[in-house]
Amino acid sequence: MMEQREFDEDVMPSAIDDDEDVFKDLLNVPADWSANDCLSTGIFNSFDPNEVVYRAQKKPCKTVGKYVMGDLLGEGSYGKVKEVLDSETLVRCAAKILKKKKLKRIPNGEKNVLNEIQLLKTLRHLNVIELVDVIVNEEKEKMYLLLEYCVGGLQDMLEHSPGSKFPCWQAHNYFSQLINGLEYLHSRGIIHKDIKPGNLLLTLDETLKISDFGTAEALSPFDPEGICASSQGSPAFQPPEIANGADEYSGFKIDIWSSGVTLYNLVTGEYPFEGDNVYRLFEAIGKCNIQIPSFVTEPLRSLLVGMLKKDPKKRFTLRTIQTHPWFVCRHPRTSEKVPFPPLRGDFMHNMTVLPYLFNYHSCETPSDNEEEYITEQLIKDRPNGSTSVPIDDVNDPSKRPWHKPIMCNVKKMASCRLS
Ligand SMILES: Nc1ncnc2c1ncn2[C@@H]1O[C@H](COP(=O)(O)OP(=O)(O)OP(=O)(O)O)[C@@H](O)[C@H]1O
């Protein structure tokens, strides 16, 4: 019988599927040789796929300050976002990892990040993402923004939903939370300037969080009109006054417009204005000949028309939106809910930090009757609360800030949906 071989699950499939040319190159094999040619000359050994034993890849445990790192949640233009667990409070968070080098290559990169931190520090509202902590690693030139944990954004959900839209009742739920958060921001003189489904995240209990304050602006308290002079928002969500090149505009009305485009997108799966390129798109927005699909009936239709008025002075205010019949009306749950999209196949969005902790503490995968307890050591013995600690690779004993064995209340941790 053929010898059993072990391969790392993460390596094998890609090696076979994608990297044949790379292997040929490395082994000095002519590029036009088929896999069979290689096998017949004994360059590649064949094996029965049934004989392959897969082994889960080891997950080295890393910490940043008191946060234990988990899996990647997503990646934006500024950097990666990973799930983390606060070892003191056991609250799940998301760490946005920013590298100074990368920020320098993005126009206004550093400025936008500092702006986001400064604004988020002052904000506290149910519908606005909370900045929990900021950790700077001067040596590695990295910055970690610790944010409230969310299961995903409306954009992801739309992309996974039939017709790329939500049923009316679901769209109403998200839209009313958006308006709630926006009311708070505007009351504090903050213009978001980039409202769109991609910047609206959801927690496990369906609470909507307005996120991404990189391009937001805090207005002068002496300016009741809320005049702004710059915008870096996403083109499809920009209002006609910006598309037509106005020098100054009311910030409040920019957010109303982009919330109107967002609502249009949530209920129709389309955008009110399209173009092959930004120039054509801005031309369409500038003319503002809005077409609303016929299946959108009153009172939703008049809400969209009011929010997408070309003249900002005639455009609805937050107050008009909040008293509009579609906004105040109860929407019965008549069709199925669009669910959260799975994260790497996991519909439950289970905590991804656990396998790293098991690996660190050499625990076997938990069995059903294991009764173990989260140790207080992890909490007690961590470095004393500094917010500027370099990443500690806790697998390297010389770098471990604490390394007493800990026991985990496996069942408790696996089932707790900390948000
Ligand atoms: N607080 C969070 N909780 C969970 N996941 C998050 C959180 N913040 C961001 N993410 C995930 O990380 C991804 C990247 O987020 P990020 O805010 O860096 O970029 P983005 O807004 O998607 O794109 P860009 O910054 O390029 O506009 C998001 O798409 C989302 O999937």
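Owing to the predicted nature of the structure, the values given are computational and were not obtained by experimental measurement. We count ligands from 1, going down the list as the structure has it; atoms in each ligand are counted the same way.
Pocket lining of ligand 1, defined as residues with a non-hydrogen atom under 4.0 Å away: Leu73, Gly74, Glu75, Gly76, Ser77, Tyr78, Val81, Ala94, Lys96, Ile129, Leu147, Glu148, Tyr149, Cys150, Asn199, Leu201, Asp212.
A ring-centre distance under 6.0 Å is not found for Tyr271 and Tyr264.
Residues Thr207 and Leu126 come closest through the heavy atom pair CG2-O, 3.6 Å.
Side-chain N/O atoms of Tyr67 and Asp133 include a donor and acceptor closer than 3.5 Å. If you check the side chains of Thr262 and Asn265, you find no donor sitting under 3.5 Å from an acceptor.
Between Lys101 and Glu141 there is no salt bridge, since no side-chain N of the basic residue sits under 4.0 Å from a carboxylate O of the acidic one.
For residues 233-255, the set of pairs meeting the side chain to side chain donor-acceptor pair (under 3.5 Å) definition, not counting sequence neighbours, comprises His186-Asp255, Asp194-Ser234, Lys196-Ser234, Ser231-Gln238, Glu241-Arg315.
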